[in-house]
Number of protein chains: 2
Amino acid sequence: MSEDVFKALADPTRRTILDELAERDGQSLFEICSRLAMKHELALTRQAVSQHLAVLETAGLVVSRREGRYKFHDLDTQPLEQIVTRWLRPHPPESTP
Amino acid sequence: MSEDVFKALADPTRRTILDELAERDGQSLFEICSRLAMKHELALTRQAVSQHLAVLETAGLVVSRREGRYKFHDLDTQPLEQIVTRWLRPHPPESTP
DNA sequence: ACCATAGGCAAGTCGTCACTTGCCTATCAA
DNA sequence: TTGATAGGCAAGTGACGACTTGCCTATGGT
């Protein structure tokens, strides 16, 4: 489970998507595509971004809601709050996946 | 720079190495190999672990000191403390590498 | 001096991941 | 109903990453 969070955070494009969702929640796929192209000079295909969002959703970092033909995406920071404290103080080690 | 931290944390074996160093600082390469084999059933080559340690050192998560023919490794949690707070509250976005 | 120990370097293999291309479905507006 | 918009599915490609194998250097004990 936290395995998916680390994998999701490993890609710089996905971290930029999280940045964008942190700045404005509830963006659609095309909105995110535009933002990446405009603000970050990331010329990605719609499918590429869609796959990134799927990874982020699997990790629980993004939740999505469908409205009509639009699908809006929201950031969820909850999975982030536990993963790093693992090494910050003496902690029971987690079984590796 | 924080790019390297995320990449280093992406691998489950490297996270286990961090667990071991969190439990006992200053282990040599062979000690870490033994620990991974004994406690975590990870039968890795010495070179594999060595390469993992190199990645962790590049990320700044591990610092090493040479003494004679031994090389001891210590955990440094400092790079961990900034990376996640990036999304926890409204934050100036970082330029992507 | 010898040999075992601790570690490093470099090339090669194999799997996974990011990304694309092509086609298909669904919703809304005219 | 037609067409444009928003999104999904699946197979293919190319690159990077984890790991191994083989050989080489250096330190220390006897």
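Here is how names work: the chains are called A, B, and so on, in the same order as the sequence lines, proteins then strands, and each is numbered from 1. Worth knowing before you read on, the calculation uses all heavy atoms, side chains too, and leaves out hydrogens, waters and symmetry mates. Computed from a prediction, not measured in an experiment: that's the story for all the values here.
Residues A/Val55 and B/Leu29 both approach DNA chain C. Their nearest nucleotides, taken by heavy-atom distance, put B/Leu29 toward the 5′ side.
Remark: A/Arg66 engages no residue in a salt bridge (charged side-chain N to carboxylate O under 4.0 Å, His left out) (not counting sequence neighbours). Listed by chain and number, the residues in a side chain to side chain contact (heavy atoms under 4.5 Å, CB included) with B/Lys7 are B/Glu3 (sequence neighbours excluded). For A/Thr58, the side chain to side chain contact (heavy atoms under 4.5 Å, CB included) partners two or more places apart in sequence, or in a different chain, are A/Asp4. Take A/Asp25 and apply the salt bridge (charged side-chain N to carboxylate O under 4.0 Å, His left out) test, not counting sequence neighbours, and it matches no residue.
Nearest heavy-atom pair, A/Gly26 versus A/Phe72, reported as atom, atom and distance to 0.1 Å: O-CD2, 3.2 Å.
Between B/Arg69 atom CZ and C/dA4 atom C1' there is a gap of 8 Å when expressed in whole angstrom units. Atom CD of A/Gln51 is separated from atom C1' of C/dT20 by 9 Å (rounded to the nearest Å). The CZ-C1' distance, from B/Arg46 to C/dA6, rounds to 8 Å in whole Å. To the nearest angstrom, P of C/dC19 lies 12 Å from CG of A/Leu53. One atom, CZ of B/Arg65, and another, C1' of C/dA6, lie 15 Å apart when rounded to the nearest Å.
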Pairs under 3.5 angstrom, nitrogen or oxygen only, protein versus nucleotides 12-17 of chain C, please.
from	atom 1	to	atom 2	distance (Å)
C/dC17	OP1	A/Lys7	NZ	3.1

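Looking only at atom types and distance, the side chain of B/His73 has no donor-acceptor partner in the side chain of B/Glu31 under 3.5 Å away. For the residue pair B/Ser2/B/Gln82, the side-chain donor-acceptor check at 3.5 Å is not satisfied.
Side chains of B/Ile17 and B/Leu36 form a contact here, defined as non-hydrogen atoms less than 4.5 Å apart.
Nucleotides of DNA chain D lying under 4.0 Å from heavy atoms of chain B occupy a range whose first and last members, 5' to 3', are D/dG17 to D/dG28.
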